[in-house]
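Single-structure report; data block below.
We name chains A, B, ... by the order of the sequence lines, and we start the count at 1 in each one.
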Number of protein chains: 2
Amino acid sequence: MLPYTANTLKAELNSRGWRLTPQRETILHVFQNLPHGNHLSADELHHVLSQRGETISLSTIYRSVKLMARMGILRELELAEGHKHYELNRPQHHHHHMVCVQCNKTVEFKNDSILKQSLKQVDRDGLQLIDCQLTVTTICPEAIRMGWPSELPSNWSCTRAISETAAEE
Amino acid sequence: MLPYTANTLKAELNSRGWRLTPQRETILHVFQNLPHGNHLSADELHHVLSQRGETISLSTIYRSVKLMARMGILRELELAEGHKHYELNRPQHHHHHMVCVQCNKTVEFKNDSILKQSLKQVDRDGLQLIDCQLTVTTICPEAIRMGWPSELPSNWSCTRAISETAAEE
DNA sequence: TAACAAGTGCTAATCATTTGCAACTAAGTT
DNA sequence: AACTTAGTTGCAAATGATTAGCACTTGTTA
Ligand SMILES: [Mn+2]
Ligand SMILES: [Mn+2]
Ligand SMILES: [Zn+2]
Ligand SMILES: [Zn+2]
């Protein structure tokens, strides 16, 4: 799973009857040069490109990003309400996300045991694994300081949940 | 975290200035009586209720289900493209999901180590955990028989990804 | 270089979810 | 038990992300 170059991307596309276009190459480059830990929505990607003067229509962005996700080049993430985010799929840097439900701030973390557990589970059921994403919804310190959440029930506590779970078995 | 009754639900709602309505009680009942492993979208819930003659407007369903998710009564899941699913949140039966990208068939599985890993990670960053959901995207045996996926790159392999990851550290 | 299917950029749909608003009703208060 | 007030509902209209239709353009292959 080496990083894609224009050539390997072309080969990969052509082998399935698809084509390497300047747009697809550009989009790949954006993701390849995106600092680790960053994620882009279709709209954000559109803006990034506009600022560079390399305008690609929003339709094409949606189409490309979806295609590249299905190809395994990008990972499609549900980090925020209402729209998807994408990042380069680097199996060597497989990671997961913690997201604050209040401000949507996202922190990545690595944890190989999660992929291992997933693989074990998938094998048990005769499935083939494509990806696994652990999304940890959290409240960040800032949100806590702001008095959030007022909406969680008074008896709600993640640590309580986990200790009950541990106790019962 | 005992299961909600009409009374405890009312207490929980009232303590935050909200009200117990017949609609909310009905919706809770539907989820409490839903067989384990089932999940409902807003629209599916609407249909289920219609069939029973207990019509609740789709708006109210969306509003209720979102509120109950924020309260920790329901879990909001991303199991299919384009719409959310909900299930009763039972911390004692905390579990994760494997979803086939082809047919969206969903299989639940328990794995306590995942919650433990999440909790550890969250503590490390000073965050408060609300929930953690591991979504394993897979291809089911039926889909494999059907020749899917034709879209994954030829060098794509989850096991390769995991072995590379393991090798590198 | 020709042939043609795939891809792009418009614009116009879709479709899940949200919102505005008037009527209704829980919950707390006399 | 009636009164008050703010939360809730149901309807219809709006929103907003994503998709589809289509004429035009362009990679790819022979
Ligand atoms: Mn990431
Ligand atoms: Mn479930
Ligand atoms: Zn936050
Ligand atoms: Zn399947």
ask   = Does any N or O donor sit under 3.5 Å from an N or O acceptor when you compare the side chain of B:Ser59 with the base of D:dA12?
value = yes
key: Presence of salt bridge, B:Glu76 and B:Arg70, under 4.0 angstrom   = no
request  = Specify the separation, in whole Å, of atom CG of B:Leu13 and atom P of D:dG7.
outcome  = 13 Å
query = Which residue, B:Leu20 or B:Tyr62, contacts DNA chain C at a nucleotide closer to its 5' end, judged by nearest heavy atom?
reply = B:Tyr62
ask   = NA contact type, B:Asp43, heavy-atom cut-off 4.0 Å: base, sugar-phosphate, or nothing?
value = nothing
ask   = Which part of the nucleic acid does A:Arg63 contact within heavy-atom distance under 4.0 Å: base, sugar-phosphate only, or nothing?
value = base
query = Does A:Ser57 have a side-chain nitrogen or oxygen under 4.0 Å from the phosphate oxygens OP1 or OP2 of C:dT8?
reply = no
query = Do the rings of A:His39 and A:His95 sit parallel, tilted or perpendicular, given the 30° and 60° boundaries?
reply = tilted
message = OP1 or OP2 of C:dG9 versus the side-chain N and O atoms of A:Gln23: is any pair under 4.0 Å?
response = yes
request  = Specify the separation, in whole Å, of atom CE of A:Met68 and atom P of C:dG7.
outcome  = 13 Å
request  = Determine: side-chain N/O of A:Arg24 to OP1/OP2 of C:dG7, distance under 4.0 Å, yes or no.
outcome  = yes
Whole-Å distance separating the NE2 atom of A:His85 from the C1' atom of D:dA17 = 13 Å
task = Can you tell me the distance, in whole Å, between the NE2 atom of B:His46 and the C1' atom of D:dG10?
result = 10 Å
Phosphate contact (D:dG27 OP1 or OP2) by A:Lys10 side-chain N/O below 4.0 Å = no
task = Over all heavy atoms of both residues, which pair between B:Ile61 and B:Ala42 is shortest? Give the atoms and the distance, please.
result = CG2-O, 3.7 Å
note = To the nearest 0.5 Å, atom NE2 of A:His97 lies from atom NE2 of A:His85 at 10.5 Å
task = Measure from CD1 on A:Ile61 to C1' on D:dA17 and round the result to the nearest Å.
result = 14 Å
ask   = What is the nucleic acid contact for A:Thr21, judged by heavy atoms within less than 4.0 Å: base, sugar-phosphate only, or nothing?
value = sugar-phosphate
